[in-house]
Each structure stands twice: as structure tokens, then as C-alpha cells.
Amino acid sequence: MAKYKEAKRDFAHAVSQLAPEEQKKEKVEEEKNNFVETEAEDKTEEGINEVEEVLIEEVSESEVPEVQDMSEIYIEQEDAASTDDKEPVEEQEPEEEVVDEGLSEVNAMNDMEQEIRSSAELRGIGEDTTYITKGTTINGNVESDGDIEILGRVEGNVRCGGKLIVCGRVAGDIDTVEVFAEQANIAGEIRASGMVKIAQGSVAVGNISAETAVIAGAVKGDVDIRDSVVVDSTAVIVGNIKSKSVQINSGAIIDGFCKQTYSDIDVDQYFQNGIEDLA
């Protein structure tokens, strides 16, 4: 029995030594098979990739028709439909403007009236104004309760209840509230309860009496002003001046006497007792 057990043990030991060699062979075979399969799969994938690249090149080289945007197609169809719906429009010849002669005359009169009103507003005259236009000559006296503007010529006396503006010629006496002479020629006396203005370029031949006065033109006659008078630098006065106060600007020419007759100051009081009392 002991020899049998010992022989069995030796056999088992021999078998155990041989087993690893067999396992190694099986493992080597398995790895060899795996390597063959892997190499076959790699070759298969390489073939597939080459086929795909060939297909892509053929598709890119072939002409592919461009697909038009659907929105562009819709717009083209809509434009075509709208063009078909429109009817051809006949060109109409421009109508000739018919000018009514009567209407043109009315417009001209309105423009003239507007121009006169604008001038009146600048000069400060009212709506109830009598106009003597340029080129008009009146032989006789002119009277008005309102304002008067003379652009023409009056051969006669002028009585005005308001403001008198003279831009023309007056050969006669003037009685009014205020007088404004601009580029005027006046031959006659001027009597005003308010102000008298003789602008540069105007000539007045006759005596002037008023409340206040501003003289920048030429005056030949005595000037009687109850308040203040201003003699501008362009003024030429041939006559005596009586006023309450006077302002004479440099350059003015006065050929006559100047006296402050209406002044509140008694100048004689300074000289009653002689020059010694002034110390």
C-alpha cells in the first residue's frame, strides 16, 4: 500500500510539472489567433475607409444642382403675380394752367395791400390810414382824422388828426399830431402837437413848431420847440432855435441863434449882483 501511494504521488507530481507547459502552448495559440483576427479587422477597416474616400471624391467631382432658397422662389412668384394684376397706366399729359386775369389782378392788389400794411406796421401808423401813392399828384388841401402817408405829391395844405408820414413832396402848411419826414421835400410851415422828425436826406423850408423835435436833415426856418430838441450830426439849420433844452451833436451846422426860452432855470439870477456874489 505504501508503494502504491508513493507511486501515485510521483505521478501527480509529474502531471503537475507537465500541465504548465500545456497551458503555455494553449495561451500562445490563443494569442496567435487573436493577432490574426485583429490584423484581418484592421485590413477590413482600411478597405472600407478607402471605398468611402473614393465615393466622396466622385460625389464632389460630379455637378450638384444648386437648390434655390424657398423664400426667393416665393418672392419671385409674388412679383410675377403682382405684375400680371397691374393694368398698364396711360401717361397723362400735364394740364395747362389756366390763369384767370381777374384773379391775377386781385392777387396783385392783395400783395400791394400787404406791402403797404407791412410798411405801416414798421412806421407805427394805424389801419385808418390814407395813402397817397407814388406818382399821384393832388392839387388841393388834404384832411383826414386818421393817419396819412404821402408817397406822391400834394400841392396844398395838409391837416391830419393822427401821424403824418411824408416820403414825397408837400407844397403847403402842415397841421398834425406827429410828423415823420424821410427823403421828403416840404415847402411850408410845420405845426405839430407832438414830435417832429426830419430824417437825413429831407429838406424843409419853413418854420417848425412842435413839442419835441429830432432834426437830421436840412431846415431853413425858425425852430420853436416847447420841450427838447436834438440836432444830429448831419443836420443843417439856417434859422433860430428856441427850446427848453437842446442837444447838438458834433458835426451839426446851425446858422442862427439858439436860446432856451422855455427852460425852468432863470439864468439872470446868477448875474444880478455882479460877478463878486458868485464866489
Side-chain angles (χ1 to χ4, degrees), residues 102-239 243 252:
L103 183 60
S104 62
E105 292 179 359
V106 171
N107 292 333
M109 292 296 294
N110 291 335
D111 294 340
M112 183 181 298
E113 184 178 357
Q114 184 67 29
E115 183 177 356
I116 293 174
R117 286 183 179 178
S118 300
S119 176
E121 291 176 357
L122 292 175
R123 300 176 189 275
I125 60 180
E127 295 181 355
D128 53 343
T129 302
T130 300
Y131 296 95
I132 300 175
T133 59
K134 187 176 181 179
T136 302
T137 300
I138 296 179
N139 294 314
N141 298 332
V142 177
E143 296 184 6
S144 175
D145 294 333
D147 300 331
I148 299 177
E149 183 171 359
I150 300 174
L151 302 176
R153 183 170 181 170
V154 176
E155 299 289 341
N157 299 329
V158 178
R159 188 193 68 81
C160 178
K163 179 182 289 185
L164 174 64
I165 297 174
V166 182
C167 300
R169 180 186 176 95
V170 176
D173 296 339
I174 294 174
D175 290 281
T176 183
V177 177
E178 292 184 1
V179 178
F180 179 73
E182 181 181 6
Q183 300 295 323
N185 192 331
I186 301 173
E189 293 190 4
I190 299 175
R191 295 180 289 270
S193 59
M195 178 181 288
V196 172
K197 293 182 179 180
I198 308 297
Q200 182 179 0
S202 297
V203 177
V205 179
N207 297 332
I208 298 175
S209 62
E211 184 69 22
T212 59
V214 177
I215 300 174
V219 175
K220 187 176 183 179
D222 294 336
V223 179
D224 188 353
I225 305 300
R226 293 178 293 274
D227 199 343
S228 62
V229 58
V230 177
V231 183
D232 207 353
S233 60
T234 58
V236 176
I237 299 176
V238 180
S243 65

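The nearest pair of heavy atoms linking Ala184 to Ser202 is N-OG, 3.1 Å. In terms of heavy-atom proximity, Ser243 sits nearest to Asp227 at CB-O, 3.7 Å. The shortest non-hydrogen separation linking Ala216 to Thr234 is O-OG1, 2.7 Å. The nearest pair of heavy atoms linking Val196 to Ala210 is CG2-CB, 3.4 Å. For the residue pair Ala192 and Arg226, the shortest heavy atom distance occurs at O-NH2, 3.5 Å.
We find the CD1-CG distance between Ile165 and Asp147 to be 7.0 Å, quoted to the nearest 0.5 Å. Between atom NZ of residue Lys163 and atom CD of residue Glu149 there is a gap of 10.5 Å, rounded to the nearest 0.5 Å. Distance check, rounded to the nearest 0.5 Å: CD of Glu182 to SG of Cys167 gives 5.0 Å. Taken from CD1 in Ile237 to NZ in Lys220, the straight-line distance is 14.0 Å, to the nearest 0.5 Å.
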Which atom pairs, one a donor and one an acceptor, fall under 3.5 Å between side chains of residues 170-177 and the rest of the protein, sequence neighbours left out?
residue: Asp173; atom: OD1; partner: Glu189; partner atom: N; Å: 3.0
residue: Asp175; atom: OD1; partner: Arg191; partner atom: NE; Å: 2.8
residue: Asp175; atom: OD1; partner: Arg191; partner atom: NH2; Å: 3.4
residue: Asp175; atom: OD2; partner: Arg191; partner atom: NH2; Å: 3.0
residue: Thr176; atom: OG1; partner: Cys160; partner atom: O; Å: 3.4
residue: Thr176; atom: OG1; partner: Gly162; partner atom: O; Å: 2.9
residue: Thr176; atom: OG1; partner: Glu178; partner atom: O; Å: 3.4

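With sequence neighbours excluded, no residue satisfies side-chain hydrogen bond (donor to acceptor under 3.5 Å, both in side chains) with Asp222. For Thr136, the side-chain hydrogen bond (donor to acceptor under 3.5 Å, both in side chains) partners two or more places apart in sequence, or in a different chain, are Thr133.
Each of Asn141, Asn139, Thr137, Val142 was evaluated against Val154; a single residue qualifies, Val142, per the side-chain contact (heavy atoms from CB on, under 4.5 Å) test. Across Ile190, Asn207, Ile215, Ile198, a single residue satisfies side-chain contact (heavy atoms from CB on, under 4.5 Å) together with Val223, and that is Ile215.
A donor-acceptor pair under 3.5 Å is absent between the side-chain atoms of Thr130 and the main chain of Ile148, judged by distance alone.
Counting heavy atoms from C-beta on, the side chains of Ile150 and Leu164 come closer than 4.5 Å.
Atom CG of Asp145 sits in a sparse spot, with 12 or fewer heavy atoms from other residues, nucleotides or ligands closer than 6.0 Å.
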